[in-house]
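Remarks on the structure that follows.
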There are 2 protein chains.
Amino acid sequence: MYVETGKMTARAAAMADISSCADCTIRSGAICAGLGGDTLHEFFRRGRRVKLERGQTLMWEGDAAPVVGSVRRGLLKLTSMLSDGREQILGLALPGDFVGRPFGGRATSTVTALTETSLCVFPRAVFDAFVADHPELQHELLLHTLDALDHARRWMILLARKSAGERVASFLLEMADRAGVADGEPAEIVLSRQQMADFLGLTIETVSRKLTLLRQSRAVRLPDLKSFVILNRAALSDAAGGEDRLAA
Amino acid sequence: MYVETGKMTARAAAMADISSCADCTIRSGAICAGLGGDTLHEFFRRGRRVKLERGQTLMWEGDAAPVVGSVRRGLLKLTSMLSDGREQILGLALPGDFVGRPFGGRATSTVTALTETSLCVFPRAVFDAFVADHPELQHELLLHTLDALDHARRWMILLARKSAGERVASFLLEMADRAGVADGEPAEIVLSRQQMADFLGLTIETVSRKLTLLRQSRAVRLPDLKSFVILNRAALSDAAGGEDRLAA
DNA sequence: CGTGCGGTTGATCCGAGTCAAGCCAAGTGG
DNA sequence: CCACTTGGCTTGACTCGGATCAACCGCACG
């Protein structure tokens, strides 16, 4: 885990902090949205910018999890390990999302970077105390948590009731929409086939087969392993099964 | 939907409110925990006590959902309807749990009473405003939401990875634990077989078969349709599959 | 060149869904 | 009081979708 801050004067640190917030592309969607200049600065001073390489883990399920954080850039997965050693992906964290468990005991999931990722990380005790003093921050955190809950519950429906083909189609739709990629344009598949399987509650072979079927039906094009293009959104949406709509 | 309040003098209403809170058995676990006497009274004055009969619905998925509430007594289900008409139960709400979606647009699930239920219900706009003015209330709501999120994510694992037998066993364990019933003592199954199936992402036939197997293996006894007794917790826990532990 | 790893494809198996029949307890009407 | 219905549950026979096991492909890397 590489931490960007080093030794510097208080003034230099403050300037770095301010510029950090000023150039932050996700402020509007993050929990720090709505914090005034002074409060924002106070808040930021308590955290650190952390950069994770692909594959690095921020916290482990069950650990005392000393930190929470806000994603600035990149993509992380939240996972839980099963007794048989397989892992289930519980969700993804994108820029603006919040990770970790404030006011709690142990971390409820393992948080791992899927791409190079940058976060604002806070010691949990410090974060908890600061939130207690700043209702507007707590409010943003509450909104984020409510959204995450809604999203998790929609995903429950997919896992409980959708067929393998529907899951894969739903996944592609969600990836394209979250990335804001238009139909016809190539969108990135950030996950490996194994990770897609872990996410969708399937096996790698089934994921592969269903992708092949979607390609053969001309709903999508798969130029390479890590990208896809929506050729026929209606067909894809149809294959996703009514779309009780996972999109937030 | 039967609303208990009628016309009464301000003083009588206030007394009713106070006694309502005083005799509330779930205060400690509800979002109103930690509200001081005056604030609690203020808060309570803004809501109403609502009683739902078994089967009555408090709000519908997708509706503008004008209310939120805190469960005092009884049991409700949160459901979402699939395009094919089947429903998936997203979660249960027990005394102390919070239902509805504050600060949001539409209700994200349908909320229906499974037993006779009593709630403190608030108009959403009123609730939102009151929460904004009372950080301690917002804090409690946040804690509840974080817990609900953790619970939903654990349930995702069950739906994504567990076999039918494991799901049914996990369900029985959770029911017994939530009701605080000791092994050997009869515990209530509040749901019908159909509702269990909707909850576990199975069909009614499969639920029935797996219950029969558990009975035959002497893990549980099923005196009648609506109750069960844990005879061998080790066996049941084993059948639940390692128990990556759904209990909070 | 091999060697290894991620992905695809094929053959087979098994668990849960589907369809259908029957059971039992609680109404309901003659 | 008894035949008949009704609704929730169980059980059985069969089907089918996705897991499993296995072979193979293609590419990166030593």
Side-chain angles (χ1 to χ4, degrees), chain A residues 54-55 82-88 114-115 157-172 188-217 220-228 239-241, chain B residues 54-55 77 82-89 114-115 157-172 188-217 220-228 239-241:
Chain A
R54 174 191 167 95
L82 301 169
S83 40
D84 63 8
R86 283 187 311 185
E87 72 173 37
Q88 174 66 33
L114 290 174
T115 66
I157 298 176
L158 177 140
L159 293 172
R161 297 294 188 182
K162 289 202 173 183
S163 71
E166 291 171 333
R167 296 185 199 194
V168 172
S170 299
F171 173 78
L172 292 182
E188 195 185 358
I189 303 179
V190 196
L191 307 185
S192 70
R193 294 292 188 268
Q194 182 60 59
Q195 287 166 343
M196 285 181 61
D198 292 340
F199 195 38
L200 299 172
L202 299 171
T203 60
I204 181 173
E205 294 96 328
T206 300
V207 169
S208 179
R209 280 186 246 270
K210 297 307 173 185
L211 282 174
T212 302
L213 287 180
L214 286 174
R215 175 165 48 74
Q216 285 171 349
S217 72
V220 299
R221 210 155 51 81
L222 300 168
D224 61 80
L225 286 178
K226 289 293 184 186
S227 59
F228 71 101
Chain B
R54 174 192 167 94
K77 61 174 180 177
L82 300 169
S83 39
D84 64 7
R86 282 188 313 183
E87 71 174 37
Q88 174 67 33
I89 297 185
L114 291 174
T115 66
I157 297 177
L158 178 140
L159 294 172
R161 297 294 188 182
K162 289 202 173 183
S163 71
E166 291 171 333
R167 296 185 199 193
V168 173
S170 299
F171 174 79
L172 292 183
E188 196 185 357
I189 302 179
V190 196
L191 305 186
S192 71
R193 295 290 188 269
Q194 182 60 60
Q195 287 166 343
M196 285 181 62
D198 291 339
F199 195 39
L200 299 172
L202 298 171
T203 60
I204 182 173
E205 295 96 329
T206 300
V207 170
S208 179
R209 279 186 247 269
K210 296 308 173 184
L211 281 174
T212 301
L213 287 179
L214 286 174
R215 175 164 48 73
Q216 286 171 349
S217 73
V220 299
R221 209 155 51 81
L222 300 168
D224 62 81
L225 286 178
K226 289 294 183 185
S227 57
F228 71 100

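Here is the naming used below: chain letters follow the sequence lines, and residue numbers restart at 1 for every chain.
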Length of the CG-C1' vector between Leu213(B) and dA16(C), whole Å: 13 Å
Write down the distance between CD1 (Ile204(A)) and P (dC5(C)), rounded to a whole number of angstrom. 13 Å
I'd like a table of atom pairs between the protein and nucleotides 17-20 of chain D - only N or O on both sides, under 3.5 Å - with the distance next to each one.
from: dG18(D); atom 1: OP1; to: Ala164(A); atom 2: N; distance (Å): 2.8
from: dA19(D); atom 1: OP2; to: Thr203(A); atom 2: OG1; distance (Å): 3.0
from: dA19(D); atom 1: OP2; to: Thr206(A); atom 2: OG1; distance (Å): 2.3
from: dT20(D); atom 1: O4; to: Arg209(A); atom 2: NH2; distance (Å): 2.8

Check side-chain hydrogen bond (donor to acceptor under 3.5 Å, both in side chains) between Ser227(B) and all other residues, then give those that pass, not counting sequence neighbours. Asp224(B)
Just how far, in rounded Å, is P of dT10(D) from CZ of Arg215(B)? 8 Å
Which residues satisfy the side-chain hydrogen bond (donor to acceptor under 3.5 Å, both in side chains) test with Arg193(B), sequence neighbours excluded? none
Can you check whether Lys162(A)'s main-chain N or O pairs, donor with acceptor, with Arg167(A)'s side chain at less than 3.5 Å? yes
For the CG atom of Leu158(A) and the CG atom of Leu159(B), what is their distance to the nearest 0.5 Å? 10.5 Å
side-chain hydrogen bond (donor to acceptor under 3.5 Å, both in side chains) partners for Gln194(A), two or more places apart: Asp198(A)
What integer distance in Å separates Leu191(A):CG from dG7(C):C1'? 15 Å
Residue pairs passing the salt bridge (charged side-chain N to carboxylate O under 4.0 Å, His left out) test with at least one member in residues 204-217 of chain A, sequence neighbours excluded, are none
Residues that Arg86(A) engages under salt bridge (charged side-chain N to carboxylate O under 4.0 Å, His left out), provided they are two or more places apart: Asp84(A)
Whole-Å distance separating the CZ atom of Phe228(B) from the P atom of dC9(D): 16 Å
Reckon Leu211(A) touches a base, only the sugar-phosphate, or nothing at all at heavy-atom distances under 4.0 Å? nothing
Which residues share a side-chain hydrogen bond (donor to acceptor under 3.5 Å, both in side chains) with Thr206(B), sequence neighbours left out: Thr203(B)
Which residues pass the side-chain contact (heavy atoms from CB on, under 4.5 Å) test with Ala169(A), not counting sequence neighbours? Leu214(A), Leu236(A), Ala239(A), Ala240(A)
Can you tell me the distance, in whole Å, between the NZ atom of Lys226(B) and the C1' atom of dG7(D)? 12 Å
Length of the line joining Asp224(A):CG and dG26(D):P, which is rounded to integer Å: 16 Å
Starting from C1' on dC25(D), measure out to CZ on Arg193(A) and report it in whole angstrom. 14 Å
With each end axis built from five pairs of C1' atoms, what bend angle do you get for the helix from dC1(C)-dG30(D) to dG30(C)-dC1(D)? Round to 10°. 20°
